[in-house]
Amino acid sequence: MPRNAQHARPHPTQQPPKSKDVEKQHWPLWEIFIRSRQGLSHRHVGSLHAADAEMAIENARDVYTRRQEGVSIWAVPASEITASSPDEKDVLFDPADDKVYRHPTFYDLPDEVKNM
Amino acid sequence: MNARFEYLLRLGDDALLLGQQLGLWTGHGPVLEEDIALTNIGLDQIGQARAWLTLAGRAEGTGRDEDTLAFHRDQSKFRNALLCERPNGHFGDTIVRQFLFDAYAVPLHAGLAQSNDAEISAIAKKSAKESAYHLRHSQAWMVRLGDGTTESHAKVQESLNLLLPFVGDLFHSDEVSSTAASEGWGVDPAGLRDAWEATLTETLEAAQLRRPDAAPEQVGGRLGRHTEQLSFLLAEMQVLPRTYPDAKW
Amino acid sequence: MENPLCPSSVLSAFPDVFLKRMEMDLLQRFEAYVASEKKIEPKDWMPDAYRKTLIRQISQHAHSEIVGMLPEGNWISRAPSLKRKAILMAKVQDEAGHGLYLYSACETLGVQRDDTIADLHSGKAKYSSIFNYPTLTWADMGAVGWLVDGAAIMNQVPLCKCSYGPYARAMVRVCKEESFHQRQGFQIMMTLAQGTEDQKAMAQDALNRWWWPSIMMFGPPDDNSPNSAQSMAWNIKRFSNDELRQKFIDLTVPQAELIGLTIPDADLKWNEETGHYEHGPIDWAEFNRVIAGHGPCNKERLAARNKAWDDGAWVREAAGAHAEKRAARKAASNTAAA
């Protein structure tokens with residue numbers, strides 16, 4: 001790669017071979033919440049990867065506040081978030097006929113099948 | 001000699017060389033988030049360089065602006081500390097270079113914020129916020145690399161051994177800096193060494209890194225005596241304005 | 001991925017014929033839901049093909065942002081003024097941010113970012129072919145911003161209304177930030193076109209090289225675009241390739257005229273009746289050649305990404321190891337205190 005070649009690189013990097021386990025070590029995912037200048041509550045803006053909480057905050061500053069979008073940052077490990085399940089909202093399955101598949105009559109069974 | 005011009009060039013050239021080199025990381029960082037962080041720091045450095053060089057040009061009074069100073073001076077006319085022209089090397093080298101500089105920039109900007117010159121003080125106040133953040137970033141990485149793996153520890157220790165001898169220029173005192181200090185618009189860098197030492201000691205301890213045995217310091221940047229690297233850096237940086245001297249961009 | 005509404009343990013108890021029926025019902029509801037302009041969210045039921053299409057499209061989009069940093073990053077060190085240098089750095093940095101937003105959106109579909117990136121590095125995943133062309137002069141920074149970002153914006157604005165919530169939200173952010181990119185590119189071109197003879201020639205040369213690849217960015221013509229119909233039905237895609245291409249040409253030609261540059265298409269002419277420009281034939285053989293990996297810079301781009309990733313491995317590992325050690329130390333001191 002010509003671009004980043006250094007003219008007087010003091011000690012070229014040698015990459016020792018790595019085990020697959022090491023390669024698979026992902027930095028955890030963090031969800032980022034930013035409070036804007038207007039004093040509104042923290043609002044989810046996206047996510048990022050960071051090795052630790054401190055790095056998550058620093059990265060969030062660089063990634064999500066490049067245009068002075070915020071004055072306060074929360075970083076929450078994505079794995080620590082408990083989310084409501086989609087059937088708690090009226091998304092795909094609107095009110096009245098919610099969860100039709102839970103009603104036995106939803107399933108057309110062949111006549112031969114009795115007492116199911 | 002125009003002490004004010006010389007002094008401001010030193011400030012501007014340090015920031016310029018660091019910004020120029022950090023920009024080489026854009027698109028090549030170890031992880032996307034860090035790519036963005038290094039570029040942010042580089043952007044701050046370029047911003048500071050522009051402010052200092054603009055002021056330097058005005059102090060000189062011959063009509064040279066930030067770009068004339070950045071792109072139409074040869075290496076012997078540059079006044080940056082040798083540390084700032086050391087190559088990026090690997091990520092650890094860049095972090096150590098930045099850390100050694102940030103630990104100096106924080107007390108420097110704090111001192112300059114007290115300048116009796118309103119323009120210098122205003123630039124320093126803005127820069128102080130930036131350098132505080134830069135130090136936080138580079139310090140955190142010193143600790144991560146020093147305390148991380150056997151490999152990262154060895155690498156960053158080696159970077160430190162290589163780069164520490166180049167800090168001498170940062171604290172270089174001469175007629176220029178003593179004029180700046182005695183007239184109240186600048187600070188004498190020799191007075192910044194204690195604060196720098198304290199940050200260094202604290203960080204090396206947290207990072208479990210060893211301070212290399214004292215070696216003779218490499219100096220000369222403030223007087224225009226540079227390492228081989230600078231000419232290469234400038235050749236690349238200055239190519240367009242030098243090739244097309246009449247062009248506006 | 002486990003469907004929370006129909007856990008596989010339950011499903012396996014039913015004969016296939018019932019499952020088919022249930023799925024068809026879900027699919028109908030899904031399509032009606034999407035057609036009513038509502039957003040699908042990560043935990044909602046979605047057809048496998050929808051999920052796969054999104055993973056493919058969002059990851060390709062993310063890869064394009066990341067690889068797209070390289071041709072412009074090339075010129076950061078040689079930008080001709082400090083102001084231009086700062087603008088270019090900020091712009092290329094934005095692209096890293098955009099890649100990051102998009103990888104995050106992709107992760108909500110159940111894939112890991114590192115795995116997605118591994119597919120890019122191995123050459124398995126695609127990215128926008130435009131970045132396999134070289135940036136040879138400073139004018140290319142103008143042409144890329146003006147034409148490539150211009151074309152990208154045209155493709156991206158409709159995605160802000162895409163049916164998949166996380167993708168749509170990422171695109172809102174991207175488009176908001178992207179608005180300055182095209183302007184700075186056009187401004188570079190304008191400055192060069194009004195500059196010295198050398199600069200003018202540089203600008204025209206850049207336009208000559210980037211024009212055709214830019215209009216190819218909208219993808220193959222509608223009669224040869226295999227995935228388009230399904231994506232349109234799912235509200236992932238809003239306009240056809242040819243519609244967007246036409247819109248781009250209609251907007252861009254007058255901009256070129258305004259700054260005195262010539263579009264390198266001898267057949268280009270204004271059609272009074274249709275109110276559109278007609279353009280000459282596009283060399284789709286070249287398009288396919290570059291996609292297949294035989295463009296001028298395919299190998300360099302992938303090599304650069306791989307090098308950055310491999311060179312950074314020890315850094316990522318170190319940060320991970322330090323975080324673990326620190327957590328362990330904290331746990332130990334908590335235990336000691338208790």
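Side-chain atoms are counted along with the backbone in the values below, which use heavy atoms only and exclude waters and symmetry mates. Here the structure is a predicted model, which means the values were calculated and not measured. Convention: sequence-line order gives letters A, B, ...; per-chain numbering from 1.
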Participant: With rounding to the nearest 0.5 angstrom, report the CG to CD distance, A:Asp62 to C:Gln93.
Facilitator: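 Interatomic distance, A:Asp62 CG to C:Gln93 CD, rounded to 0.5 Å: 7.0 Å.
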
Participant: May I ask you to test the C:Glu107-A:His49 pair for a side-chain heavy-atom distance under 4.5 Å?
Facilitator: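 In contact.
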
Participant: If you look at every heavy atom in C:Lys43 and A:Ala83, which pair is closest and at what distance?
Facilitator: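 Shortest heavy-atom separation between C:Lys43 and A:Ala83 comes out as NZ-O, 3.6 Å.
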
Participant: Please check if the number of heavy atoms outside C:Arg183 that lie under 6.0 Å from its CZ is greater than 12.
Facilitator: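 Open.
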
Participant: What is the minimum heavy-atom distance between C:Ala319 and A:Ala51, and which atoms define it?
Facilitator: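 Heavy atoms of C:Ala319 and A:Ala51 come nearest at O-CB, 3.5 Å.
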
Participant: Heavy-atom distance under 4.5 Å to chain A: side chain of C:Asp94, backbone, both or neither?
Facilitator: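 When you check distances to chain A, atoms from both the backbone and side chain of C:Asp94 fall under 4.5 Å.
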
Participant: Heavy atoms, side chains only, cut-off 4.5 Å: are C:Asp115 and A:His26 in contact?
Facilitator: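 SC-SC contact between C:Asp115 and A:His26 confirmed.
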
Participant: Which heavy atom of C:Tyr101 sits nearest to which heavy atom of A:Val63, and what is that distance?
Facilitator: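 That closest heavy-atom pairing would be OH-O, 3.5 Å.
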
Participant: Please classify the contact of C:Arg326 with chain A as side chain, backbone, both or neither, using a heavy-atom distance under 4.5 Å.
Facilitator: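 Side chain only.
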
Participant: Could you tell me whether a side-chain N or O of C:Ser104 sits under 3.5 Å from a main-chain N or O of A:Ser47, the two making a donor and an acceptor?
Facilitator: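 Side chain of C:Ser104 to backbone of A:Ser47: a pair is present.
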
Participant: Taking C-beta and beyond as the side chain, do A:Val45 and C:Arg173 meet within less than 4.5 Å on heavy atoms?
Facilitator: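 Counting from C-beta outward, A:Val45 and C:Arg173 do come under 4.5 Å.
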
Participant: Mind checking whether A:Trp27 and C:Asp114 have side chains closer than 4.5 Å, heavy atoms only?
Facilitator: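 They are not in side-chain contact.
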
Participant: Using a 6.0 Å cut-off, check whether atom NZ of C:Lys176 has over 12 heavy atoms from anything other than its own residue.
Facilitator: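 Counting other residues, nucleotides and ligands, NZ of C:Lys176 stays at 12 neighbours or fewer.
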
